[in-house]
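Numbering of ligands and ligand atoms starts at 1, following listing order.
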Amino acid sequence: MPDHTIIESDKREFDPAEDDFDEFYFPRPEETDFGAIAEQAVSRRGFMQGTAAAGAAAFVMATTAMTPLSALANENRFGFKPIPANTLDTVTVPNGYNWHVVAAWGDPLWSKGAEFDDATKGTGESQETAFGDNTDGMALFVDGGRSILAVNNEYVNNKIFYASGKSAGPDDVRKSKAAHGVTVMEITEADGTWSIVKDSKYNRKITADTPMEITGPARGHELMKTKADPSGTTANGTWNNCGNGRTPWGTYLTCEENFNGYFSSSDANYQRSDELKRYGVNLEDRGYDWASVDERFDISKHPNEPNRFGYIVEIDPMDPTSTPKKRTALGRFKHENAEVALAANGRVVVYLGDDERGEYLYKFVSEGRYVEGGDNDDLLETGKLYAAKFNNSGAGQWLELNPETTGLKSQAEIAIHTRQAASAVKATTMDRPEWVAANPRKAEAYCCLTNNKNRGRKPNAGGDATPVGGPNPRAANNYGQIVRWVPDGGDHLSDTFAWDLYVVAGNPAVHSDANAGSKNVNKDNMFNSPDGLAFDANGMLWIQTDGNYSNAKGFAGMGNNQMLVGDPATGEIHRFMVGPKQCEITGITWSGDRKTLFVGVQHPGERGLGNSHFPGGGDTTPRSAIVAVSRDDGGLIG
Ligand code: FEO
Ligand code: CA
Ligand code: CA
Ligand code: CA
């Protein structure tokens, strides 16, 4: 996460002198009417088909959450003994499981490329042939027995990425651009160890400079035209690729999140439009310095360039010569991931979160229908876009974004200024929607609402109020929660749904109020800031965290960031993995035979060199890495 303000304010240890401390420990009671919300949560359990009364009760949010769910324990659904939290500088998995590193930032994809140089941390040239930095969302594709991994490389952290600690000159910018985007690489297993297949025909780097086609409603619109692209139909590159998606027709979806932080203005007096302000495009970038080399990042000279970023990009991982396609029909915002589900009639439904405090949750429904083996290439080019409205009653609806409902002039403008469109229909401002995951065994979907210190305190960037209530039940929310919804009629096509909270994270060892979390949180499984989310083939929910790892005060006992597994049916949650120091766990996919689970370890030691030496140990530079996890007995994992 490249937003330095977020890192500084959300991940630091609480300082008693800070406002955050007061907000955290003394939430204003009139805004935290948690009892009433809990009552509502109880009364709408009816939609949870097939859940026994005891199981339903387990979901009920309570003002005290000290009761473990031992009565509901069902080890068979988990297949592992949960592990305790820790603060070690390594990866920890349960007994009976093992892990190893598959690829780390700077590992070469081709034999002509240099190995990672710990002293210099690489050059522009070496980075252009190597795995990018800050591994994030990923998906593994199988082609005739070969395993092709598409992986996001979200951002770079100057403190780790450059030996000097900052970007200083053209080669640093070249290196930075080459460390962003998407890496496609073949991997293979030999003697139980997975590694990169150097020189594979599949290997490809998609970076901040790779030519892409703009598709959908915004294609060719005035707001998309620039000096370099007067037709508004092509854009160069993708960056800040956070979560991901995959389609049933075998393409990879990468999601442009904090795209704004790369733009700056050479004119200190440049007057930004309201639209640029809503998207957080500022006069200064976040330390990337790309405008010093590439003028298109200067908004005073190229004010439309930011309009060409903030999209879902569809990539064919099997064809390294294919042109990635920006899918503007899926809206422009700080995209987290793109969870694809199929409606009963074959329409493609994509759930999408906008990860910023008080922004929205979205759904796209394709106009065309998926046909197995048919021509599905452009299903994401045309369709309808909706924003979610959650009512306190436990019902909700998807509000269509079109010129009539939003007052915006055209579908193209809605595709470009999607946030303004969602504000216009009064969708529900959310606690930072991160990944959405759809249950493969049942028509329901889950979304991590990671945290929101502004809940009940400040409006979003568009001035929309962020009242406490509904799926965002706590003021100054520091721990996060996971909301889920069941579409009415059991079909993702439905415009209406029923929702509840699957888990409200918290610390029952420290708190006895709403900050203790829901009843399925206890001292043994507690965590904060759920972020990555995915279902396995068994219908179990894997939860990854990107939270406060201080292990102190309100976060005491939670340890490093981690990965847990939840049972949707019982609400039970067990900790499966703990990451190294100062990392985030993000990105998850499985091998074709489901015997290996691939997990991303992002930004170990993010506060600066010396804070972690994962994965190399000794005095080495901390490097984001993908790890492979498998069972000692060779069984299936998820
Ligand atoms: Fe890149 Fe919202 O996480
Ligand atoms: Ca991150
Ligand atoms: Ca994330
Ligand atoms: Ca996050």
Next item on the list: Look at the N, O or S atoms of Glu434, main chain and side chain alike, and state whether any lies under 3.0 Å from the Ca ion (ligand 3).
Entry: yes
Next item on the list: Determine which of the N, O or S atoms in Glu336 is closest to the Ca ion (ligand 3) and give its atom name.
Entry: OE2
Note to self: Taking side chain to side chain donor-acceptor pair (under 3.5 Å) as the definition, give me every residue that meets it alongside Asp285, ordered by chain and number, with sequence neighbours left out.
What the structure shows: none
Note to self: Under 3.5 Å, is there a donor on one side chain and an acceptor on the other for Glu444 and Tyr446?
What the structure shows: yes
Margin query: What I want to check is whether the side chains of Tyr288 and Tyr262 have a donor and an acceptor closer together than 3.5 Å.
Written below: yes
Next item on the list: State whether a side-chain donor-acceptor pair under 3.5 Å links Trp105 with Gln127.
Entry: yes
Checklist line | Name of whichever N/O/S atom of Glu154 is nearest to atom 1 (Fe) of ligand 1 | finding: OE2
Notebook entry, point to check: Between Asp464 and Arg278, does at least one N-O distance fall below 4.0 Å, as a salt bridge requires?
Noted result: yes
Checklist line | Backbone or side-chain N/O/S of Asp355 under 3.0 Å of the Ca ion (ligand 4) | finding: no
Margin query: Quiz question: by atom type and distance under 3.5 Å, do the side chains of Asn551 and Thr87 form a donor-acceptor pair?
Written below: no
Check: In Asp531, which N, O or S atom comes closest to the Ca ion (ligand 4)?
Finding: OD2
Next item on the list: Identify, by name, the N, O or S atom of Asp546 lying closest to the Ca ion (ligand 4).
Entry: OD2
Check: What N/O/S atom of Glu257 is the closest to atom 1 (Fe) of ligand 1?
Finding: OE1
